[in-house]
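Below: the structure, in structure tokens.
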Protein chains: 2
Amino acid sequence: MTIEPLLKYMSNYIDLTSDEVVFLESKITVRKYLKGQYIVQQGDICKFSCFVLSGCTKTFYMDGEGQEHILMFSIEDWWTSDMGSFITQTPADFNIQCLENSELVMFSYDIIEDLYREIPKLERFFRQIIEKAFVASQKRIVRNFSLSAKDQYLYFRDQYPLIEQRIPQYMIASYLGITKEFLSKIKSQLILEQ
Amino acid sequence: MTIEPLLKYMSNYIDLTSDEVVFLESKITVRKYLKGQYIVQQGDICKFSCFVLSGCTKTFYMDGEGQEHILMFSIEDWWTSDMGSFITQTPADFNIQCLENSELVMFSYDIIEDLYREIPKLERFFRQIIEKAFVASQKRIVRNFSLSAKDQYLYFRDQYPLIEQRIPQYMIASYLGITKEFLSKIKSQLILEQ
DNA sequence: AATAAATGTTAATCTAGTTTAATATTATTT
DNA sequence: AAATAATATTAAACTAGATTAACATTTATT
């Protein structure tokens with residue numbers, strides 16, 4: 001697979017010359033992962049910021065009791081990384097694991113400064129996508145505070161219908177911050193209602 | 001008050017020449033607000049990204065039932081804005097109100113592109129601070145999921161001892177996503193414990 | 001086709017945090 | 001100093017969601 005989807009995605013934010021595309025391609029790598037493989041493990045230094053060409057990943061955190069808390073899913077045209085670990089090069093809080101065979105574009109920490117130096121527009125590009133990610137994260141906090149579990153599920157189903165079909169229920173429950181049993185109850189309630 | 005605290009803050013990320021500082025100063029404004037005044041109101045277009053020189057603000061959301069949910073407090077050397085509204089120039093989800101008389105450096109939406117064009121380093125600067133804000137936001141989601149209300153309060157008290165003293169308890173409860181009554185209960189429990 | 005592994009459901013019991021409502025304390029204004 | 005407004009506490013009754021445990025269904029493996 002080519003990095004075409006990445007270039008198309010980037011063209012929504014910045015215009016790259018063909019020279020710049022060549023330079024970019026010389027600095028990034030495309031890597032395949034199998035279902036179940038880890039891209040980052042809690043405690044590792046996260047070396048890459050990744051763009052998903054195909055497949056699906058989950059980013060999760062293991063708490064003291066061995067409970068898994070899913071922070072996000074990433075599918076085609078999304079990013080995945082432990083940003084905190086990546087920018088400071090300190091041990092990661094999160095695990096990132098493939099839920100399907102996946103292909104990722106890898107932006108290594110070691111080359112990203114070269115990219116910014118050579119193509120300053122990329123600084124703008126990453127500023128803009130991280131702004132969006134921050135806004136999405138704030139909105140999620142608001143939903144966590146102001147919506148019931150049922151309404152959060154309805155919102156998720158509404159916003160990410162494609163993700164819901166690709167992922168087991170118990171992971172969606174974890175993403176929503178509720179137990180799989182309670183999500184099951186919510187779903188049976190919803191069936192009775194309509 | 002001068003913008004000295006802002007320049008010092010920026011020097012942690014980028015080096016500006018004195019010409020660049022002059023240009024920056026020509027584009028930003030410093031504005032005073034009184035306690036109680038709003039910087040942004042839900043539904044407005046957020047025109048500014050603000051750096052706090054002095055004082056304190058709260059960013060909050062009013063839900064359908066008229067319940068106030070506080071997302072963040074901003075004190076000296078912090079930023080405040082409805083980022084979602086600012087970057088897309090669409091109606092704000094949040095209110096930002098001063099809890100004390102405050103002085104803010106105002107980065108207007110209308111001039112920020114001029115700043116990026118004239119001083120590309122600023123693109124880097126804002127990329128880096130928004131990266132940090134995103135990481136902090138993700139970590140907050142994790143805490144919401146994995147800590148009890150009591151542990152979240154202890155974390156807050158530990159991380160922001162200065163903020164706790166400046167702000168009424170009921171606002172801290174709102175920030176933590178619990179009722180003021182329950183926070184009161186947690187505090188009395190903590191007193192019994194030690 | 002049979003077995004095992006992964007995923008999903010149901011129901012009873014339990015608990016962290018909410019709601020309501022009354023009262024106490026502290027700060028502000030006259 | 002008194003009165004008012006703002007903030008904080010306490011306690012009883014309640015509820016959304018967790019826990020536990022047994023069972024059902026679907027998917028993958030041999």
Side-chain angles (χ1 to χ4, degrees), chain A residues 34-37 56 58 60-70 73 97-101 141 143-157 163-194, chain B residues 34-37 56 58 60 63-70 73 97-101 141 143-157 163-194:
Chain A
L34 297 174
K35 179 175 174 171
Q37 284 189 308
C56 180
K58 68 171 172 183
F60 66 103
Y61 163 78
M62 280 288 199
D63 71 17
E65 281 93 51
Q67 277 274 324
E68 182 177 314
H69 302 276
I70 297 178
F73 301 108
Q97 189 182 20
C98 292
L99 299 178
E100 303 171 0
N101 296 343
I141 291 175
R143 289 196 302 276
N144 289 166
F145 278 161
S146 47
L147 299 185
S148 67
K150 180 178 161 191
D151 287 344
Q152 284 188 63
Y153 170 63
L154 289 172
Y155 178 87
F156 177 81
R157 218 175 54 169
I163 293 185
E164 202 196 0
Q165 285 150 34
R166 289 163 78 164
I167 285 169
Q169 292 296 326
Y170 73 91
M171 288 191 194
I172 291 168
S174 169
Y175 173 84
L176 296 174
I178 60 177
T179 58
K180 60 192 199 313
E181 290 84 357
F182 192 54
L183 179 54
S184 192
K185 198 171 174 179
I186 287 169
K187 290 190 77 182
S188 66
Q189 256 176 247
L190 286 170
I191 289 164
L192 289 177
E193 276 173 25
Q194 37 105 343
Chain B
L34 296 175
K35 179 172 174 172
Q37 284 190 307
C56 179
K58 68 172 174 183
F60 66 102
D63 71 17
E65 280 94 50
Q67 277 273 324
E68 180 176 315
H69 302 276
I70 297 178
F73 300 108
Q97 189 182 19
C98 292
L99 300 178
E100 303 172 0
N101 295 343
I141 290 174
R143 289 195 303 275
N144 287 167
F145 277 161
S146 48
L147 299 185
S148 67
K150 180 178 160 189
D151 286 345
Q152 285 189 61
Y153 170 62
L154 289 172
Y155 178 87
F156 177 81
R157 217 175 55 169
I163 293 185
E164 203 197 359
Q165 286 151 33
R166 287 164 78 165
I167 285 169
Q169 294 295 327
Y170 74 92
M171 289 190 192
I172 292 168
S174 169
Y175 174 84
L176 296 173
I178 60 177
T179 58
K180 60 191 196 316
E181 291 83 359
F182 192 54
L183 179 53
S184 191
K185 198 170 174 178
I186 287 169
K187 291 190 77 182
S188 65
Q189 256 175 247
L190 286 170
I191 289 165
L192 289 177
E193 277 172 24
Q194 38 103 343

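Note that these values count all heavy atoms, side chains included, but never hydrogens, waters or copies made by symmetry. Lettering of chains follows the sequences in order, A, B, ..., and the numbering in each one begins at 1.
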* According to a strict under-4.0 Å criterion, is A:Thr179 in side-chain N/O contact with OP1 or OP2 of D:dA18? -> yes

* Of all the heavy-atom pairs spanning B:Leu176 and B:Gln152, show the shortest one and how long it is. => CD2-O, 3.8 Å

* Shortest non-hydrogen contact from B:Ile172 to B:Phe73? -> N-CZ, 4.4 Å

* Asked: With a 3.5 Å cut-off and no angle check, do the side chains of B:Glu164 and B:Tyr153 form a donor-acceptor pair?
  -> yes

* Asked: Using a heavy-atom cut-off of 4.0 Å to chain B, what are the terminal contacting nucleotides of DNA chain C, in 5' to 3' order?
  -> C:dG17 to C:dA21

* Structure fact -> Smallest heavy-atom separation, A:Ser174 atom then B:Phe145 atom, equals O-CE1, 4.5 Å

* Taking the side chain as every heavy atom from C-beta outward, state whether B:Gln189 and B:Leu192 have any atom pair closer than 4.5 Å. => no

* **Length of the NZ-P vector between A:Lys185 and D:dT20, whole Å** => 16 Å

* Structure fact -> The residue, B:Ile186 or B:Lys180, whose nearest nucleotide of DNA chain C is more 5′ is B:Ile186

* Find the distance between OG (A:Ser146) and CD1 (A:Ile141) and round it off to the nearest 0.5 Å. => 11.5 Å

* Asked: Considering heavy-atom distances to DNA chain C, does B:Lys35 or B:Phe182 have its closest nucleotide positioned more toward the 5' end?
  -> B:Phe182

* Within the distance-only criterion (no hydrogens, no angle test), does the side chain of A:Gln97 pair as donor or acceptor with the backbone N or O of A:Lys58 below 3.5 angstrom? -> no

* Asked: To the nearest angstrom, how far is B:Tyr170 atom OH from D:dT10 atom C1'?
  -> 20 Å

* Asked: To the nearest angstrom, how far is A:Leu183 atom CG from D:dG17 atom P?
  -> 12 Å

* Closest heavy-atom pair and its distance - A:Asn101, A:Lys35 -> OD1-N, 2.7 Å

* Structure fact -> Here the distance between atom P of D:dT15 and atom NZ of A:Lys150, to the nearest Å, is 16 Å

* To do: Please tell me which of B:Glu181 and B:Met171 maps to the more 5' nucleotide of DNA chain D, matching each residue to the nucleotide holding its nearest heavy atom.
  => B:Met171

* Asked: Rounded to whole angstrom units, what separation is found between the CG atom of A:Leu176 and the P atom of D:dA16?
  -> 17 Å

* Do any of residues 60-70 of chain A sit with a heavy atom less than 4.0 Å from DNA chain C, and if so which? -> none

* To do: Over all heavy atoms of both residues, which pair between B:Ala149 and B:Ile178 is shortest? Give the atoms and the distance, please.
  => CB-CG2, 3.8 Å

